[in-house]
Amino acid sequence: MRPASLLRTTTFRLALSYLGIFTVSAVALLALVSWSTTMFIEWQVQETVEAEATGLYEVYRDRAIPGLSEIIAQRTRQDIDGRATYALRGGDGRIVAGNLRAWPNEVGTMLGWVRFNLVPVVEGGTGIEVMAHAYELADGHRLLVGRSLADANRVKSAINRALGWGLALTIQLGVVGGYFTSRHLLQRVEEMSRTARNIFGGDTSQRMTLSGSDDEFDQLAESFNEMMDELERLLEGIRTVSDNIAHDLRTPLNRLRSRIDLVLLGPSDCEAYRRTLEETLSDADNLLATFNAILTISQAESSGRLEQFEQIDPAQLAGDVFELYEPLAEEKDLKITYGGEAGLSLRGDRHLLFQALANLVDNAVKYTPAGGEVGVSVIASGDNGGIAITVSDSGPGVPEEARHNVLERFVRLDSTRSTPGNGLGLSLVQAVARLHGAQLSLGDNSPGLVVRLDFPPHLDS
């Protein structure tokens, strides 16, 4: 990964943004620390000056100007480091005692706390900042007591330098950390992009690699892999459906063509023409039924059908299907029963639900031998307001290992596809169940098959 490309990434820019916010916060915090330290040092200097001034004022009160001059001279001699500043000015403006050559111009006639720069008595000395307090005494005398801020300024400078270096180091570490963090994240993004490009290139077996950290990248990779598993399943289903459609349509179309060719090549016979047209019409009806079933499944899989949902009495709907197939069941010498619990209601598409139930009952009647039983029931499921619709029969049933496969389009237990049917009946039921949020399950009726549709309570009124 080239650094120039990495610096243009959103990840690195985001890292710099966070670094900028952190830097501003750090500068504000460091400025507060520096100001607080400076104020504390100056407060200590003020306390020291006030203590000295209080002592000198007591001497002045007890011993007047001569005694005060003597004490100032003594303290000046004791101040070897030159940190203290003393000045006693007479009424004529001359310095009576202290370590200043002249009364500071910055002080002038001011009283109270003052700041000024001075040059010590020692020749060649550098300017020193002083914090002092000026007092007015009797007979025009003035007293100035102060302390040098050199030590305080050195401490403040050391603190500011330390804070500055710390801030510079923080920014440097932030930039370096942002670079390597962005590089690591970008490597994972690039790996995902490479996998996606391989998939787009035709290798649908490729999957995103998980790092095992269960972070957001792993969650994204898991979602992508689940999507690809479903997509691969759908693609395989499309290939299977295409093969089955080609097989199921080729046979009746070849039969249509052969039948028409034979009639055209044979002698003119109205009865033969009529019989051929009837057989052709039957095959055309089967073809149309297949296409209608495909269209119905597509409608059931479309979320646009949700707009046509209405409140439905499931017991009445199942009763209508029962009445439709009761004559056919009796004709096949089947015992067909119906039990519907009154007072139930669900929200759904009446046409699709009727078609799905009709497919289930039609399969039950079709595959149950003479003397068998077919049952239809509608009951409340549990105490949470769910609804269960069940269709059972005593036919050959469906092997447990094949119950999942028969829900796919054009999948039939008869692999030779020699028996009537198109393998779309249960596929349509599955699509309708998904549209309504219902769970479709196939079970063993010992003997026969029991198909159950469980509608969740949120569809119940």
Side-chain angles (χ1 to χ4, degrees), residues 289 292-293 295-330 334-368 372-395 397-398 403-404 406-407 424-445 448-461:
N292 286 335
L295 291 175
T296 303
I297 292 175
S298 298
Q299 292 176 357
E301 292 176 342
S302 172
S303 59
R305 298 289 296 191
L306 296 174
E307 299 177 357
Q308 301 184 23
F309 275 24
E310 57 182 313
Q311 292 301 131
I312 299 172
D313 183 349
Q316 180 182 354
L317 185 71
D320 293 340
V321 175
F322 170 79
E323 292 178 1
L324 177 65
Y325 281 90
E326 186 177 15
L328 179 60
E330 292 177 352
L334 300 177
K335 179 182 179 183
I336 184 169
T337 59
Y338 167 69
E341 187 174 332
L344 300 179
S345 176
L346 64 83
R347 184 170 178 80
D349 188 306
R350 181 183 300 274
H351 171 72
L352 292 179
L353 287 174
F354 185 92
Q355 183 65 46
L357 290 179
N359 282 8
L360 293 178
V361 177
D362 182 76
N363 282 344
V365 173
K366 181 189 300 182
Y367 292 107
T368 302
E373 296 183 5
V374 174
V376 181
S377 67
V378 180
I379 59 173
S381 176
D383 300 328
N384 57 1
I387 297 174
I389 301 178
T390 304
V391 177
S392 60
D393 62 64
S394 58
V398 177
R403 289 173 187 170
H404 178 73
V406 295
L407 300 180
L424 293 174
L426 289 178
S427 300
L428 178 113
V429 177
Q430 174 76 309
V432 174
R434 288 176 177 172
L435 179 67
H436 291 79
Q439 181 67 37
L440 173 64
S441 59
L442 279 63
D444 192 357
N445 198 36
L449 181 70
V450 55
V451 183
R452 178 176 172 125
L453 282 169
D454 286 288
F455 293 87
H458 69 270
L459 291 175
D460 183 58
S461 62

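Numbers here are sequence positions counted from 1.
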Contacts of Arg452 meeting salt bridge (charged side-chain N to carboxylate O under 4.0 Å, His left out) (sequence neighbours excluded), chain-then-number -> Asp454
Residues passing the side chain to side chain donor-acceptor pair (under 3.5 Å) test with Asn445, sequence neighbours excluded, are none
With Asp349 via side chain to side chain donor-acceptor pair (under 3.5 Å) - residues at least two apart: Arg305
Output every pair passing salt bridge (Lys or Arg N to Asp or Glu O under 4.0 Å) with a member in [range], not counting sequence neighbours, ordered by first then second residue.
range            : answer
residues 334-345 : none
residues 312-329 : none
residues 353-365 : Asp362-Lys366

Beyond-backbone contact of Thr390 with Val451, side-chain heavy atoms, under 4.5 angstrom: no
How about Val450 and Asp444: do any of their side-chain heavy atoms sit closer than 4.5 Å? no
Derivation of the side-chain hydrogen bond (donor to acceptor under 3.5 Å, both in side chains) call for Ser345 and Gln311: CA-CA 6 Å; Ser345 176; Gln311 292 301 131; 2.8 Å; yes
Given Leu344 and Val378, is the side chain to side chain contact (heavy atoms under 4.5 Å, CB included) satisfied, shown in steps? CA-CA 9 Å; Leu344 300 179; Val378 180; 4.1 Å; yes
Could you tell me the separation between the [atom1] atom of [X] and the [atom2] atom of [Y], rounded to the nearest 0.5 Å?
X      : Y      : atom1 : atom2 : result
Arg403 : Leu440 : CZ    : CG    : 12.0 Å
Leu317 : Ile389 : CG    : CD1   : 6.5 Å
Leu449 : Leu426 : CG    : CG    : 8.0 Å
Phe309 : Leu346 : CZ    : CG    : 9.0 Å

Identify whether the distance between the nearest side-chain nitrogen and carboxylate oxygen of Arg347 and Glu310 falls below 4.0 Å. no
Can you name the ring pair (Phe, Tyr, Trp, His ring centres under 6.0 Å) partners of Phe322, sequence neighbours left out? Tyr338
Leu324: side chain to side chain contact (heavy atoms under 4.5 Å, CB included) partners, not counting sequence neighbours: Phe354
